[in-house]
4 protein chains.
Amino acid sequence: MDFQPLLEEIAATLQPELGAQGRVADYIPALGRVPADRFGIALRTVDGEEAHAGDSTTGFSIQSISKLFSLTLGMRELGEALWDRIGREPSGNPFNSLVQLESEHGVPRNPFINAGAIAIADRLVSRLDAKAVTLELLSGLCGEQVAYDEEVAASEAATGFRNFALANFMKSFGRIDNAVSEVLDVYFHHCALRMSCLQLARATGYLCRDGRHPYGGAPVLTDRQARRVNALMLTCGTYDAAGEFAFRIGLPCKSGVGGGIVAVVPDRLTLCVWSPALEPSGNSLLGMKALEMFTARTGLSVF
Amino acid sequence: MDFQPLLEEIAATLQPELGAQGRVADYIPALGRVPADRFGIALRTVDGEEAHAGDSTTGFSIQSISKLFSLTLGMRELGEALWDRIGREPSGNPFNSLVQLESEHGVPRNPFINAGAIAIADRLVSRLDAKAVTLELLSGLCGEQVAYDEEVAASEAATGFRNFALANFMKSFGRIDNAVSEVLDVYFHHCALRMSCLQLARATGYLCRDGRHPYGGAPVLTDRQARRVNALMLTCGTYDAAGEFAFRIGLPCKSGVGGGIVAVVPDRLTLCVWSPALEPSGNSLLGMKALEMFTARTGLSVF
Amino acid sequence: MDFQPLLEEIAATLQPELGAQGRVADYIPALGRVPADRFGIALRTVDGEEAHAGDSTTGFSIQSISKLFSLTLGMRELGEALWDRIGREPSGNPFNSLVQLESEHGVPRNPFINAGAIAIADRLVSRLDAKAVTLELLSGLCGEQVAYDEEVAASEAATGFRNFALANFMKSFGRIDNAVSEVLDVYFHHCALRMSCLQLARATGYLCRDGRHPYGGAPVLTDRQARRVNALMLTCGTYDAAGEFAFRIGLPCKSGVGGGIVAVVPDRLTLCVWSPALEPSGNSLLGMKALEMFTARTGLSVF
Amino acid sequence: MDFQPLLEEIAATLQPELGAQGRVADYIPALGRVPADRFGIALRTVDGEEAHAGDSTTGFSIQSISKLFSLTLGMRELGEALWDRIGREPSGNPFNSLVQLESEHGVPRNPFINAGAIAIADRLVSRLDAKAVTLELLSGLCGEQVAYDEEVAASEAATGFRNFALANFMKSFGRIDNAVSEVLDVYFHHCALRMSCLQLARATGYLCRDGRHPYGGAPVLTDRQARRVNALMLTCGTYDAAGEFAFRIGLPCKSGVGGGIVAVVPDRLTLCVWSPALEPSGNSLLGMKALEMFTARTGLSVF
């Protein structure tokens, strides 16, 4: 199937709506400066076919999409032990809520809420140079150098009081081993990764390949682990709208407040869409629309 | 693929574990009397192939599996208007919790928690003879007469104070139109449906057939609606263990405290397993194990 | 001290504000019909001196002020055993919330939230003809016949879904012994008691007399019990505004959504004020103002 | 009335129970080292009469009793503006809970939970040298030099992750103006004040004197402010046991996890009792018993 015309059609169809609705995240200046009318879409199939349209090679702040890669590193490094301090259930609460964390004694519900990713960062910090290893992994996965946006990382650190609260709260339950400042430095840098749609479509390729590297084919994760990442994306990957995504789009997705959304069609392809204006849950408004068009037109859905 | 040997092997492998762990629901006598060592499994493919092993033709109380059929009737009768009073997100709370219902003003999180199914029952009551129509639908779907276990229905009514609380609570928010007693009479009867694994594997066949009737092929739901039911099953179908099911089993499932679990492999087959002893979340312990073996051996998973 | 001029002055001062702010409870017609511009105030000292002004002899629906008398009956009948199923702490939540009841397994926080009064009604029902005994107690306490407003009681029963939810919820935890309908019949009748400011100032007289009957002097409660009722009034007696009452007024108070507030000056007097328009917490707006003026002018405060 | 014999009798009566029950706070070493069998009691009347027994001149860590003095300073410095960012209602939740803070957008329920005292510390930091001014106030109030226990302050800072979480959480809602580290430095020092029962009975004297200084008579607070502090103590001063204190003791009290409790009998006296072993809510077990004996024997209660 030739996806190029479809992606172009989606981009063209959404063109008139760009910037008309939704709200660009502006809690830090570097995000608020991004024009609301950007739109990019890219995919890469298991056969290596690529298609992309719009601003598909423009780098953007991947924000919570990075939680996919933290989880991947955590699974590689810790195996089943990763789940000692993190659950696997949808939270039913906003991504940065402390309520559930209190009733569940500092164990985050899943790896895709902030607390979960911070808990993983802590365990990575105990084992490796997490910032460097992440860049290495990602650069390998997408075949070109990936970098942190240090301005974004610094802004996250300067304003991320809620994340400081989450990390200290977990530490008060004995769930964080390292210094909060060190753990959050990794977490904020992960959020500050800068990548394009095309890079993300490539880099997540192991998720539609039973865990195998999108280029070399070496295992990034085991088959079982890769499926489990997909399962977590579907149940927990899109803030408090996971049910809505499953209902309307029907694919494992992971979104970020930078406006990016990665979607996986198992055994077929990975896709990334980017548009900065967000709906109230924190997902890209037109990104969701684009994915809905894509699955409606291709019939590709896990259900 | 010939599934019969696999189902027999699963039944044989689990045989030594029957009744050893977990706890049979005993909040009403009729459930508590069911021997813990029962086990049945049955499937039916899109091609009409059937396989089954163990107590696969023994009727059991389907309990919350009936929420699938309430939802199906609700979608048929109300279309999009069904969602005016019910959400589509995982709850992150036990199935009978009132907490979230309070903060969300009487709108249940999804159709598979008790409050959600009660809300659907209310809307059915306004439109049709819900008890009769349900039996008609199910008898048609599985090709033989299905009936309510009136002893179970009466016990549910006599002891279901939590459900009376949920219904009255929603009514206090103006979300229930009919008399609570009438709505709960339908709800309790739905819970008290008595069906076998084989009957359920057949009756849910429209969910792996893009909504088409497992026998006649006429639409029970539209393609889109059927996918959406599957999506809801995966994100919300198994109490507070939906993430665990997605992670370990990777199929849309709906469970009941009678020990049954229905699973859907879209475009391939529907499967039902039954074993009465439950894990703490309320799902069949060996039912989960059986499903995990099934997906591990067949590689059938949506991820 | 001659209180008559002071009460007249308070009534005169507040006259221009009557009905200007706040909102008369209108969840049942009989309450909604009460003119917003009514105002009455009455007190009776330990020496039997009485003073009253405004609509001080007009009967009104005492609503939650009746929780004082349920508690009094409960303490008399059950002694310390009353506290097996009721706590004594402020709730920090609205009076009809189910949230805390869930996390605390059906044990209401205190006797002055709805769930607490329902729990007491249940225990009274097991022991005596609660509706008759209450009338007898109150008629004796204020020296004239007191009656239920049956229209109000019927309306409460017809619309009190939240209270049905609370009672069923507690029953689901095994905390209610009798049929919900029977328990709520008592509860709704208690809420529907019709008394005037003067009657209430007289009837509550045992609370400023170390438990002794305002006329005969026989013990209604023990000294210790009477002090404890006062303590509960101060910490829990005015919905989610108990801190505000203590802070601004500094007296044990119990309010009702009919617009009445009873206040106790231990060893000195009991006072009742009535004005139907409520502030958002459910307390009489001008009633609070009147009490604040009274304590400011007399210096009577427990602090 | 000569209180000396009574205090000696209370000390003697409780002697056999010292250290037998309850649990000394041990979250920091300096607290855990305090022998469980210490007991001191002291009071000072409005006439300057003093009585004391047991370890009444031994300094101990006053911990949350310091919240009284933070509040006093806050009221003096900010007047009514203090209440812009702090409520006055009982919380119904543990003293260090974040749950309510989330639903109430970073505004602490009252000045006596940790979050409330941290919020006051923040506002003091903006206006004065809070650590120095506090020492000055207290030294003046009790007529001798008061000091911080720097070991305790350092331990609190090294282990107080929950307080870091609370402060960062409030800052994420824009409710903290200064750097978290600076605010908590004041907060931790306040908790680390070291005083004896006798010093505390003297220093709190303004609370039974309508706000006037226990020695000079100059206003520390206005009459109205002093009463309001007492009201807040009664409704919120003893963690999640305020109802229990009001019910059993009937006096405004403020407790600390160091085992101290201060009680006020308005217009009569202030009293401090100390015994390190705590009941589950965090109040001194024998301190509560001593206060109960005191009010039972003297009849001094606000109710």
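Residue numbers begin at 1 in each chain, while the letters A, B, ... track the order of the sequences. Both backbone and side-chain heavy atoms feed into the values below; hydrogens, waters and symmetry mates do not.
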Quiz item: Once the angle between the rings of B:Phe247 and A:Trp83 is folded into 0 to 90°, is it parallel (under 30°), tilted (30 to 60°) or perpendicular (over 60°)?
Solution: perpendicular

Cut-off 4.5 Å, heavy atoms of chain B, and the answer for A:Leu234 is both

Cut-off 4.5 Å, heavy atoms of chain B, and the answer for A:Arg248 is both

Can a salt bridge be assigned to the pair A:Glu279 and A:Arg23 using a cut-off of 4.0 Å between side-chain N and carboxylate O? no

To the nearest 0.5 Å, atom CZ of A:Arg109 lies from atom CZ of A:Arg88 at 12.5 Å

One option among A:Arg228, A:Glu244, A:Met233 has the most heavy-atom pairs under 4.5 Å with chain B, and it is A:Arg228

Exercise. Would you tell me whether B:Ser66 and B:Tyr187 have side-chain atoms, one donor and one acceptor, within less than 3.5 Å of each other?
Key: no

